[in-house]
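The chains referred to below are lettered A, B, ... by the order of the sequence lines, with proteins before strands, and numbering in each begins at 1.
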Amino acid sequence: MPELPEVEAVKRGLDQSIVGKHVTAIEVMWSKIMRHDDIEAFKQSLIGQVCQRIDRRGKFLLIYFDTHVLLSHLRMEGKYFLCDKEQPVHKHTHVILELDNQEELRYHDVRKFGRMELLEIGQEFQHPSLTKLGPEPTQATFSPHVIKEYLSGRTTAIKNILLDQRMVAGIGNIYADEILFDAYVHPEMSAAEITDEEIQQLYYSIISIMQAAIKAGGSTIRSYANMFGEAGHYQAYHQVYGKDGEHCSRCGTIIEKTKVGGRGTHFCPNCQRKRGA
DNA sequence: CACTCACCCTGTGCGC
DNA sequence: TGCGCACAGGGTGAGT
């Protein structure tokens with residue numbers, strides 16, 4: 001389940017492994033990965049182009065070529081691998097970009113949830129998936145004030161707001177739970193009931209958890225690995241995600257698991273109190 | 001507009 | 001050992 005820190009690690013891997021290389025051929029084995037009806041047109045647009053740079057917005061990867069940009073979302077289990085042409089193709093490999101020097105960039109996705117779409121450069125800024133995104137957590141335009149504005153008048157649970165990419169981009173289920181624990185906020189707290197003090201704390205927790213996770217190369221829970229097949233290390237710092245039944249590191253209370261907005265949610269019932277009704 | 005929920009997928013892990 | 005089923009979850013789109 002790549003979230004911002006994991007996608008950032010993939011981005012850095014792509015930076016090192018495919019920038020400057022050119023696409024000689026393309027194979028698409030599972031066409032639903034591609035948001036295009038016309039796979040041939042997709043191939044024709046990309047073949048022959050050189051990869052110029054890699055960018056990331058929230059959990060989206062932007063792989064820039066000469067005239068087009070490949071917008072890619074890994075969703076739950078999407079992965080990119082660079083490998084030699086001779087290596088056997090895994091059954092969950094769905095797209096192959098053949099590169100120079102007998103190399104291939106392979107997209108692998110067990111659950112086939114990931115999506116990619118080729119756009120003409122410039123179009124990406126009008127793409128609905130990207131225009132809807134809020135600021136990056138580390139961007140100066142993200143501030144406690146932005147959070148406050150976003151929460152006012154909303155009745156939904158604070159966790160749903162963190163998962164909503166419009167306020168701030170890149171938080172997924174794991175980091176939402178970790179952030180709320182760090183900020184001493186109950187995941188089901190109604191957005192409008194969050195105090196200014198808690199908003200301030202949430203702001204700091206969002207930034208510090210995301211930065212620490214990026215530094216650790218993300219979290220590996222089930223299957224996440226970077227371009228080089230390496231696991232992330234941030235899972236060693238998880239305080240609540242996947243810790244239900246274990247003791248809270250701060251107070252010893254048993255961590256509970258529940259569902260919020262249909263997502264598995266982990267929290268400490270003592271550190272994260274629900275106020276009011 | 002705000003909110004909820006089904007959908008897309010397959011491997012894993014549980015209960016029996 | 002094996003079968004059936006709930007579960008995992010991000011974004012999208014339909015429905016209320």
_So for the helix from dA2(B)-dT16(C) to dC16(B)-dG2(C), with five pairs setting each end axis, what is the inter-axis angle to 10°?_
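One end axis against the other gives 60°.
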
Can a salt bridge be assigned to the pair [X] and [Y] using a cut-off of 4.0 Å between side-chain N and carboxylate O?
| X | Y | value |
| --- | --- | --- |
| Glu103(A) | Lys21(A) | yes |
| Glu136(A) | Arg57(A) | yes |
| Arg53(A) | Asp55(A) | yes |

*For each nucleotide in nucleotides 11-16 of chain C, reading 5' to 3', give B when a protein heavy atom comes within less than 4.0 Å of its base, S when such contact involves only the sugar-phosphate, and - otherwise.*
BS----

Rounded to the nearest 0.5 Å, how far does [atom2] of [Y] lie from [atom1] of [X]?
| X | Y | atom1 | atom2 | answer |
| --- | --- | --- | --- | --- |
| Leu118(A) | Gln49(A) | CG | CD | 7.5 Å |
| Lys148(A) | Asp196(A) | NZ | CG | 3.5 Å |
| Trp30(A) | Thr93(A) | CH2 | OG1 | 14.0 Å |

Within the structure shown, what part of the strands sits under 4.0 Å from [X] by heavy-atom distance: base, sugar-phosphate, or nothing?
| X | result |
| --- | --- |
| Tyr241(A) | sugar-phosphate |
| Gly264(A) | sugar-phosphate |
| Arg115(A) | nothing |

_Distance-only donor-acceptor check, side chains Glu77(A) and His92(A), under 3.5 Å_ =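 No, no side-chain donor-acceptor contact under 3.5 Å.
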
*Would you state whether a donor and an acceptor, one from the side chain of Arg111(A) and one from the base of dG9(C), lie under 3.5 Å apart?*
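It does, because a donor-acceptor pair links the side chain of Arg111(A) to the base of dG9(C) below 3.5 Å.
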
*asked:* Please compare Lys91(A) and Arg166(A) by the position of their nearest nucleotide in DNA chain B and report the one closer to 5'.
replied: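 Here Arg166(A) is the residue nearer the 5' end.
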
*Would you please confirm or rule out a distance under 4.0 Å between OP1 or OP2 of dA2(B) and any side-chain N or O of Thr155(A)?*
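So the side chain of Thr155(A) is outside the cut-off, no N or O lying under 4.0 Å from OP1 or OP2 of dA2(B).
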
*Can you tell me if the side-chain N/O atoms of Lys257(A) get under 4.0 Å from OP1 or OP2 in dA8(C)?*
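For dA8(C), OP1/OP2 do have a side-chain N/O of Lys257(A) under 4.0 Å.
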
_Plane angle bin for Tyr241(A) and His238(A) - parallel if under 30°, tilted between 30 and 60°, otherwise perpendicular_ =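 Taking Tyr241(A) first and then His238(A), their aromatic rings stand perpendicular (interplane angle over 60°).
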
